[in-house]
Amino acid sequence: MNVLNGAWPKLTTSDEFRFLSELVITRSSADHTIVRLRDHHTGTTRFANNQVIQNVDARRGSLAVTVAFGGRHGTAATTDFTAGAIQDTLARAERIARISPVDPEYLGPPDPCLIPVRETAKPETMAAGPPKRLEYANEAIGHCRMENIMAAGVVSSSATTVGIAADNGLFCYEPRADARFSLTVQAGDASGWSAAAHRSIDHLRIQERTLAAIAKSKRGRDAYELPSGRYSVILEPAAVAGLWAWLIWSLDAKSYMKGTSPFTGKLGQAIVDERLTLRNVPDHTDLLGEGFTHEGLPSSSSEWIDHGTLKQLAYDRFTAKAQGVKTIPTLEAPALAVEGPPSHSIQDLIKSTERAILVTNFWYIRPVNPHDLTLTGMTRDGTFLVEKGEIVSPIRNFRFHESPLQAFQQLTSWTAPMEAVTSETGKMLVPAMALPHFHFSSVTRF
Amino acid sequence: MSTPAWDEFAELALNRIAASGAEYGDIRVQDSSTEHLQGEDRRIASIRDTRDIGFGVRVLYHGAWGFAASSVLSLEEVPRVADLAIEIAKSSASVAIEKVRLAPEPVHHDRIVTPYRTDPFSVPLEKKTDLLLNTMEVLQSQSGIARSSASLWARRDRKLFVSSEGTHVEFDLLAGQGDCMATALHEGRFASRSFNTPHLRRGYELIEEADFLREAPRVADQAIEKVKASAVDAGQYDLVLDPEHLSLTIHESCGHPSELDRALGYEANYAGTSFLTTEKRGNFHYGSRHVNLVADNTESETLAATGYDDDGVACQKWDIIRHGIFVGYCTNREVAPKIGESRSCGSNRADGWANIPMVRIANIGLEPGEATRDQLIADVKRGIYIEGHGSYSIDQRRYNFQFGGDAFWLIENGRRTHMLRDVIYHGITPEFWTSCDGVADRSFRQRYGFITCGKGQPGQSGWMTHAASPARFRQVQVIRGEGSS
């Protein structure tokens, strides 16, 4: 056996999950029994200072059993798939559920329904092993060595089988693949960055993204300091995604209903520029759409913000039922679009700009004030001053202090949506955008 | 503790590694149990009992690492995974430029057990759910409190570490924590106040001593006062920071920059590098003479006090900052030799069997001074007293930071007066620590642990504890944490 060729391990199949879940369900004495599977095989080749520093491969299978007696429920999980361990896991879940207080928000498993079949498991990614990852890492390192620039980054790929089954006949199973590449290059004090995530490992575009990061770093030498303050900005897609991720994560319906959401009272109202529309597009080949959720609900296309107006909230099942929401929308494949003719490229955005700060990416974005969704974070790996249609100088990194609900009230210009992924957010399709006002509250000194 | 079968698995793996010609290898077999009870708005939202069992094999072949891991713990899987780790190490070696050289470490045979009075896993769940429900009831019975939460967490790690050098260590480690929070509503605004026990390696006595029911009325009162408080006016303030707040400041602005792998560029693509570059060791003014930051992985009950790290290196105590000068790093066996150290300080840890260990922040604490907390406050004309964790963010070299907090009080003419809201302070790390002109004495010292410190690709959670007494910082830039500023 050659373990490097991707033949190991064999992940839990649909039939095997059905066997395991039936083993649990038939032995359960509870009113409701739900079994969840996540069998995950992942590998990462990590490099820094132009050489591989870490090369890892791991498989973790986990099975979680949730049972309920009336409104009393409990969950136990294990990574041990032997019959004795699964029996023990069921017993632990039952023991918890029997003594749990009644949960007034408990709902049994959702009714079985048709789950959309999506191409979530690209065979080239499922089969990729350490040699493929090493080949891609070497490609990125090679380009950087030729330029006498230091590279740090990762190439990773994973294959996962996910399932949920319940005693009411609910049965969902889906294999999912994921590949990622990210690269930070250092040219003296300047750095450049690029990243990708895709269902297909063949879609990472290693060369193109490596050359983009190198170009950023070369352009970033001898940065000078601009004072903090309010500036016009051009945000590249990763920077836009970093801000929108926090907006999306704040759409929780229960918080909305209880008055502890930045959106409370704003459903049906304009919250951002009226040309902006946010949709879930799970069938898009460049997004990471799924067939079903952790609860066994089908993922679907949906509209969340329509021409700037908040149309949808993120519901848990209890809140949805309480609010009479019959179909719970999902938002795992977000796509943000702007109505109107886009610029052809980021370069065109720059050409049409009189004066602005160009931001490649933000880092360590965290909420400052949950009431108005004020966020903070730093620019990173490529911040430039644009004047009269050209990048005139790299500048030192800024800290911002801004709410996306304020920043995206007014757009100056934009591109068509592009793939965007950062180390702290999921994947989105978003345009690069020029915004007239953005608050940089302090500046760093390197 | 470990079973005879685990020793058999370890022997199987190490035999394969020895036969491969690798210069070093180790195996970690781990069985982790976690119990997490989560209450929300007067209900028990979830009780989850998780067992996570598996093993990871690490191989150093011709100066390059390979690592493989699996949750299938069997006589067939162990050699297969060991072979995979060897093959990955060989392929890494084929492209390696600079060979990894491990700092020497004596061979250890030991057994580490966390001392505790009451095993949290033996405490009846009914008692725990009653505690959470009663706590939330007290919180939410206060007029103006719209939401409440409370949780309990406990974890036991049974682990075996065996290396090709002969080290054999068994671990039975325990940790626990609990917290509660109230959220108040007022005129369309909301604000939260929390109470947390530290994460510590203690038994359920940690929770019992914390006495949530005694603390809950204060927490609710302060949430209401906070939401009604006036917003801070931006400007320069003297700050007096409590130990829980300082634990986060120390973690971000001293702990991470002192990780040598970061200073060497290993983390450049994700969490970033460090402004504490190697030429600064021994001469860089990180803070004032009051600032002594000591790493101590030997202090009982702290999270990084595990006896040995995941290199099999014994836990130690050493200086990071001495009288304001940067003097030491957190290291592992791989990076210590790169700065001429003859031995690792034992800060190499993985977050479980499935991940390769890497340099992790030690238990870094601020050494006590000689003042009392009231004396620190008494010498402030216009300042802010800050408790707890709030918003935080720091750049990728750990230089430009911004922190909030959980509760803020205005200090006027040497006295703590009323609460403020939306306080955010920002600065540059060495300038901030240089503005420290007083630290309270040992009687005020408290310890707070972290279990979600993110680092590495794939990402891992690190565990460490930061201790401090309250400290005073002069003329720090404060801004208002809302969009209108």
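No hydrogens, no waters, no symmetry mates; every other heavy atom, side chains included, goes into these values.
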Query raised in the report: Could A:K254 and B:D41 be called an ion pair, given the rule that one side-chain N must be under 4.0 Å from one carboxylate O?
Result: no
Query raised in the report: Do any N or O atoms from the side chain of A:N55 and from the backbone of B:W65 form a donor-acceptor pair under 3.5 angstrom?
Result: no
Query raised in the report: Where on B:A191 is there a heavy atom nearer than 4.5 Å to chain A: the side chain, the backbone, both, or neither?
Result: neither
**Report entry** salt_bridge(B:E431, A:R445) N-O dist < 4.0 Å
**Finding:** yes
Query - Which of A:S255, A:P101, A:G43 touches chain B most, by non-hydrogen pairs under 4.5 Å - result: A:P101
**Report entry** Structural part of B:D130 lying under 4.5 Å from a heavy atom of chain A
**Finding:** neither
Requested in this report: Evaluate the side chain to side chain contact (heavy atoms under 4.5 Å, CB included) criterion for residues A:V56 and B:I88: first the C-alpha distance (whole Å), next the side-chain angles of each, then the deciding distance (0.1 Å), finally the verdict.
Outcome: CA-CA 8 Å; A:V56 302; B:I88 291 174; over 6 Å; no
Query raised in the report: Are the side chain of A:R399 and the backbone N or O of B:N400 linked by a donor-acceptor pair below 3.5 Å?
Result: yes
Report summary line: Whatever's closer than 4.5 Å to a heavy atom in chain A on B:I428 counts as side chain
Query raised in the report: Are side-chain N/O atoms of A:E424 and B:Y270 paired as donor and acceptor at under 3.5 Å?
Result: no
Query raised in the report: Does a side chain donor of either A:T260 or B:R147 reach within less than 3.5 Å of an acceptor in the other side chain?
Result: yes
Query raised in the report: Salt-bridged, A:R92 to B:E35, with N to O below 4.0 Å?
Result: no
Query - Closest non-hydrogen atom pair between B:I394 and A:W363, with its separation - result: O-NE1, 3.1 Å
Query raised in the report: So what's closer than 4.5 Å to chain A heavy atoms on B:D422: side chain, backbone, both or neither?
Result: side chain
Query raised in the report: Contact part of B:S70 toward chain A, heavy-atom cut-off under 4.5 Å: side chain, backbone, both or neither?
Result: both
Query raised in the report: Which atoms of B:F275 come close to chain A, meaning under 4.5 Å heavy atom to heavy atom: side chain ones, backbone ones, both, or neither?
Result: neither
Query raised in the report: Has the side chain of A:D372 got a donor or acceptor atom that lies under 3.5 Å from a matching backbone atom of B:E482?
Result: no
Report task. Please state whether the side chain, the backbone, both or neither of A:L134 comes within less than 4.5 Å of a heavy atom of chain B. Result -> side chain
**Report entry** Heavy-atom check, side chain of B:I479 versus side chain of A:H401, under 4.5 Å
**Finding:** yes
Query raised in the report: Given a strict heavy-atom distance threshold of 4.5 Å, which part of B:V72 is in contact with chain A: side chain, backbone, both, or neither?
Result: side chain
Query raised in the report: So what's closer than 4.5 Å to chain B heavy atoms on A:S261: side chain, backbone, both or neither?
Result: backbone
Report summary line: Output for pair (B:Q396 CD, A:S423 OG), nearest 0.5 Å, gives 10.5 Å
Query raised in the report: Among B:L37, B:D49, B:T129, which one satisfies side-chain contact (heavy atoms from CB on, under 4.5 Å) with A:I96?
Result: B:D49
